[in-house]
Amino acid sequence: MIVCHCRIVRDTEILEVAAAEGPTLGAVCRSTGAGTVCGGCVPAVRSLLQRFREDSFQAVGARLTLEHALAPQLARLATVQSALEDSHAAA
């Protein structure tokens, strides 16, 4: 979808810049040119960046929650792996 009609900047370009350079309005505008001619697209760019930040935060939160939930199993697995390595070293 075209977000900035003056510079023909698509939402995908904005999200790529947000992922690579950081989800700030300044970084996106400098890199893509969005919002630099008439400024009419700035609210749409801000909204898109806000959704990007929220999605990124939720993805990180989900990963951290999964790691936390699996921590006891990972600790047991490390213990078993260590015991196996010790038994192979002794043999």
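Counting begins at 1 with the first residue of the sequence.
Hydrophobic cluster membership is shared by I14 and M1, with clusters built from Ile, Leu, Val, Met, Phe, Trp and Tyr side chains linked at under 4.5 angstrom.
For V42, the side-chain contact (heavy atoms from CB on, under 4.5 Å) partners at least two apart in sequence or on another chain are L25, R46. Applying the side-chain contact (heavy atoms from CB on, under 4.5 Å) test to E85 and every residue at least two apart in sequence or in another chain returns Q81. Residues passing the side-chain contact (heavy atoms from CB on, under 4.5 Å) test with A18, sequence neighbours excluded: P23, L49, F52.
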Return a table of donor-acceptor pairs under 3.5 angstrom between the side chains of residues 27-39 and protein atoms on other chains or two or more places apart.
{"residue": "R30", "atom": "NH1", "partner": "G26", "partner atom": "O", "Å": "3.4"}
{"residue": "S31", "atom": "OG", "partner": "E21", "partner atom": "OE2", "Å": "3.4"}
{"residue": "T32", "atom": "OG1", "partner": "V28", "partner atom": "O", "Å": "2.7"}
{"residue": "T32", "atom": "OG1", "partner": "A34", "partner atom": "N", "Å": "3.1"}
{"residue": "T36", "atom": "OG1", "partner": "G33", "partner atom": "O", "Å": "2.5"}

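Through chains of ILVMFWY side-chain contacts below 4.5 Å, I2 is grouped with I8.
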